[in-house]
J.: 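What follows is a structure written as structure tokens; I'll ask about it next.
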Amino acid sequence: MSPEDFVTKSSLAADEAGAAALPVYYEEDRPSRTTGRRYWLHILLLLATVITTSLVGSRMQQNFQANLPPLGVEELWDAFVHGWNQPLALIGGLPFSLTLLTILLAHEFGHFLTCIHYGLDASLPYFLPAPVLTGTFGAFIRIRSPIYYKRTLFDVAVGGPLAGFVFLLPALAIGLAYSKVIPGIADQGSFRYGVPALLWLLEKLVFPGVASSDIYLHPVARAAWIGLLATAWNLLPIGQLDGGHVVYSLAGRWHKKLTWIFLGALVVLGIRFWHGWLVWAVLLYFLGRRHPTIVDSGSIGSGRKKLAWLTLLIFLACFTPAPLE
């Protein structure tokens, strides 16, 4: 990668007659414009998400210690209805909760800090607490400023997945180190969890010769597993997902066609492997398939193109066609 591929300061342009170079300012060189922040709302949502994920994590930890099957539908419901009766039990859910929230926070701050670097007006992360298997619907930031350059779009898009992956990888390794072997454990309980390529590879290193279906993941590893799925979903090359932004930065004229192709692929995956892909396809069709136009004929540079290949490898390492069965 050459340094010029990552230049974000003013470039110089001369006219055809060889006149003195004039400064051309990118959007990121302009003063940052930020709106008022509602810190109380961000903190409230974060604390609520700590509670909901800790409720899930507490029941996961109890089942793990007792060698019971992973969390099922009835236990999930019981955790949210009766988990409040034992507040101290929430402490046992913190390893899962804090691991998951750290990965999600790293992802969103990867976007946020890149926006700050380029002078874009962006909100702090909004967390979404929810009574679901993960304890949360994830998090997001709002970017209020328009983006005028493909380089800026690319950097903002990849900043989240790369930052999240940096925290996800050691969490997965540590969680696997605390996991254990129980024959047939994956076939017990309400759900059968998919095994992304990266998890499969690390399982073979930590538990050589042991089938994935015999490995009971520690709650920390399960939190990292959720991080794997979140990373893969965000890197889908569709619409306004992070992967869609990367595709638009590389080949904007192909973005619309690729979005339709991969929406169709989600439908096929939904019919063949996991019905949840059908829900994703519908949501993305109505809410996120169109991409704002960026009029920028410049290249993002060879360095960023190499980084795009790295994000593709991360996507393939994190993806599984059947997250849940």
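Only a predicted model underlies this, so the values are computations on that prediction, with no experimental measurement involved.
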J.: Whether the side chain of Lys150 engages the backbone of Asp296 through a donor-acceptor N/O pair (distance < 3.5 Å, no angle test) should be reported.
T.: yes
J.: Check the pair Lys305, Ser299 against side-chain contact (heavy atoms from CB on, under 4.5 Å), reporting the backbone distance first and the verdict last.
T.: CA-CA 9 Å; Lys305 290 178 181 178; Ser299 170; 3.8 Å; yes
J.: Count the heavy atoms of every other residue, nucleotide or ligand shown that sit under 6.0 Å from NZ of Lys256, and state whether that count exceeds 12.
T.: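 Counting other residues, nucleotides and ligands, NZ of Lys256 stays at 12 neighbours or fewer.
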J.: Is the side chain of Asn63 donor-acceptor paired with the backbone N or O of Pro69 at a distance under 3.5 Å, no angle test?
T.: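 Yes, because the side chain of Asn63 sits within donor-acceptor range (under 3.5 Å) of the backbone of Pro69.
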J.: Does any part of the side chain of Phe109, heavy atoms only, come nearer than 4.5 Å to the side chain of Leu124, both counted from C-beta?
T.: yes
J.: Quick check: do Leu217 and Tyr193 have side-chain heavy atoms less than 4.5 Å from each other?
T.: no
J.: Measure the CG-CD distance between Leu68 and Gln188 for me, rounded to the nearest 0.5 Å.
T.: 9.0 Å
J.: Find the distance between CZ (Arg272) and CH2 (Trp277) and round it off to the nearest 0.5 Å.
T.: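 Going from CZ on Arg272 over to CH2 on Trp277, the span is 14.5 Å.
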J.: Verify, without hydrogens or angle tests, whether His255 (side chain) and Gly239 (backbone) share a donor-acceptor contact under 3.5 angstrom.
T.: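 The answer is yes, because a donor-acceptor pair under 3.5 Å joins these two groups.
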J.: May I ask you to decide if the ring planes of Phe315 and Phe319 are parallel, tilted or perpendicular, using 30° and 60° as cut-offs?
T.: tilted
J.: Walk me through it: do Val181 and Phe207 pass the test side-chain contact (heavy atoms from CB on, under 4.5 Å)?
T.: CA-CA 8 Å; Val181 176; Phe207 299 101; 3.6 Å; yes
J.: Once you round to the nearest 0.5 Å, how far does CD1 of Ile238 lie from CG of Leu266?
T.: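 With rounding to 0.5 Å, CD1 (Ile238) is 4.0 Å from CG (Leu266).
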J.: Less than 4.5 Å apart, any side-chain heavy atom of Thr293 and any of Tyr248?
T.: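 Heavy-atom side-chain distance check passes, below 4.5 Å.
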J.: State, to 0.1 Å, how close Ser179 and Tyr216 come at their nearest heavy-atom pair, and which atoms those are.
T.: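 What the structure gives for the nearest pair is CB-O, 3.2 Å.
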J.: Is it the case that atom CZ in Phe167 sees more than 12 heavy atoms from other parts of the structure closer than 6.0 Å?
T.: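 No, CZ of Phe167 has 12 or fewer neighbouring heavy atoms, counting only those of other groups under 6.0 Å.
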J.: Knowing that exactly one of Val195, Ile103, Leu198 qualifies, which makes a side-chain contact (heavy atoms from CB on, under 4.5 Å) with Leu228?
T.: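 Exactly one candidate clears the test, Leu198.
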J.: Would you say the side chain of Tyr149 lies within less than 4.5 Å of the side chain of Ile300, judging by non-hydrogen atoms?
T.: no
J.: In terms of hydrophobic clusters joined by side-chain contacts under 4.5 Å, are Ile174 and Ile215 together?
T.: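 Ile174 and Ile215: separate clusters.
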J.: Are any side-chain N or O atoms of Lys204 and backbone N or O atoms of Val210, one a donor and one an acceptor, separated by less than 3.5 Å?
T.: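 Yes, Lys204 side chain to Val210 backbone: donor-acceptor pair under 3.5 Å.
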J.: Could you tell me whether the side chain of Thr136 and the main chain of Leu128 form a donor-acceptor pair under 3.5 Å?
T.: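 Pair found, side chain donor or acceptor close to backbone of Leu128.
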J.: Atom CG of Leu162 and atom CG of Leu307: how far apart are they, to the nearest 0.5 Å?
T.: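 Spacing of CG (Leu162) from CG (Leu307) equals 5.5 Å.
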J.: State which residue, out of Leu278, Leu284, Leu283, fulfils the side-chain contact (heavy atoms from CB on, under 4.5 Å) condition with Trp280.
T.: Leu284
J.: Just by distance, no angles: are the side chains of His111 and Asn234 close enough, under 3.5 Å, to form a donor-acceptor pair?
T.: no
J.: As an exercise, state the distance from CG of Leu168 to OG1 of Thr102, rounded to the nearest 0.5 Å.
T.: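 Reported value, rounded in 0.5 Å steps: 11.5 Å.
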J.: Mind checking the CG-SG spacing from Leu313 to Cys318? Nearest 0.5 Å is all I need.
T.: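 Rounded to the nearest 0.5 Å, the CG-SG separation comes to 10.5 Å.
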J.: Looking only at non-hydrogen atoms, find the nearest pair between Pro170 and Val166 and report the distance.
T.: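 Closest approach of Pro170 to Val166, heavy atoms only: CD-O, 3.0 Å.
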J.: So, does Ser58 use its side chain to make a donor-acceptor pair with the main chain of Leu55 at under 3.5 Å?
T.: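 Side chain of Ser58 to backbone of Leu55, a donor-acceptor pair under 3.5 Å: no, none is there.
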J.: Among residues at least two apart in sequence or on other chains, which ones pass salt bridge (charged side-chain N to carboxylate O under 4.0 Å, His left out) with Arg222?
T.: none
J.: Which heavy-atom pair separates Val246 from Ala157 by the least distance, and what is that distance?
T.: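 In this case the closest contact between Val246 and Ala157 is CG2-CB, 4.1 Å.
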J.: Decide yes or no for Val132 and Phe137: does some side-chain heavy atom of the first lie under 4.5 Å from some side-chain heavy atom of the second?
T.: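 Side chain of Val132 against side chain of Phe137, heavy atoms only: contact under 4.5 Å found.
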J.: Would you check, one step at a time, whether the test ring pair (Phe, Tyr, Trp, His ring centres under 6.0 Å) holds for Phe154 with His245?
T.: CA-CA 7 Å; Phe154 179 88; His245 292 319; over 10 Å; no
J.: Using the rule that two of Ile, Leu, Val, Met, Phe, Trp, Tyr join whenever any of their side-chain heavy atoms come within less than 4.5 Å, decide whether Phe127 and Leu47 are in one cluster.
T.: no
J.: Side-chain contact test, heavy atoms from C-beta onward, threshold under 4.5 Å: evaluate it for Pro70 versus Ile185 and give yes or no.
T.: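 Side-chain contact under 4.5 Å: yes.
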J.: Using every non-hydrogen atom in the two residues, find where Pro161 and Thr231 come nearest and quote the distance to one decimal.
T.: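 Scanning both residues completely, I find the closest heavy atoms to be CB-CG2, 4.5 Å.
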J.: Which heavy-atom pair separates Phe64 from Lys180 by the least distance, and what is that distance?
T.: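 Minimum heavy-atom contact is O-NZ, 2.6 Å.
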J.: Can you check whether Gly93's main-chain N or O pairs, donor with acceptor, with Ser97's side chain at less than 3.5 Å?
T.: no
J.: What are the two closest heavy atoms between Ile143 and Cys115, and how far apart are they?
T.: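 Scanning both residues, the minimum pair turns out to be CD1-SG, 3.7 Å.
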J.: For side-chain contact (heavy atoms from CB on, under 4.5 Å), just list the numbers for Tyr126 and Arg38, CA-CA rounded to whole Å, side-chain angles, deciding distance to a tenth of an Å, and then say yes or no.
T.: CA-CA 11 Å; Tyr126 292 94; Arg38 294 179 291 179; 3.7 Å; yes
J.: Is Lys257 close enough and on-axis enough to Trp254, meaning under 6.0 Å and within 45°, for cation-pi?
T.: yes
J.: Heavy atoms, side chains only, cut-off 4.5 Å: are Leu41 and Leu45 in contact?
T.: yes
J.: So, Thr152 side chain and Ile147 main chain: donor-acceptor pair closer than 3.5 Å or not?
T.: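 Not confirmed, Thr152 side chain does not pair with Ile147 backbone.
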J.: Quick check against the 3.5 Å criterion: does Ser145 have a side-chain atom that pairs as donor or acceptor with the backbone of Asp121?
T.: yes
J.: Would you mind reporting whether Leu205 and Leu202 have side-chain heavy atoms less than 4.5 Å apart?
T.: yes
J.: Evaluate side-chain contact (heavy atoms from CB on, under 4.5 Å) for Leu133 paired with Leu324, printing each intermediate quantity in order.
T.: CA-CA 11 Å; Leu133 187 62; Leu324 286 174; 4.2 Å; yes
J.: Under 3.5 Å, side chain of Thr52 to main-chain N/O of Gly135, donor-acceptor pair present?
T.: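 Judged by distance alone, yes, a pair lies under 3.5 Å.
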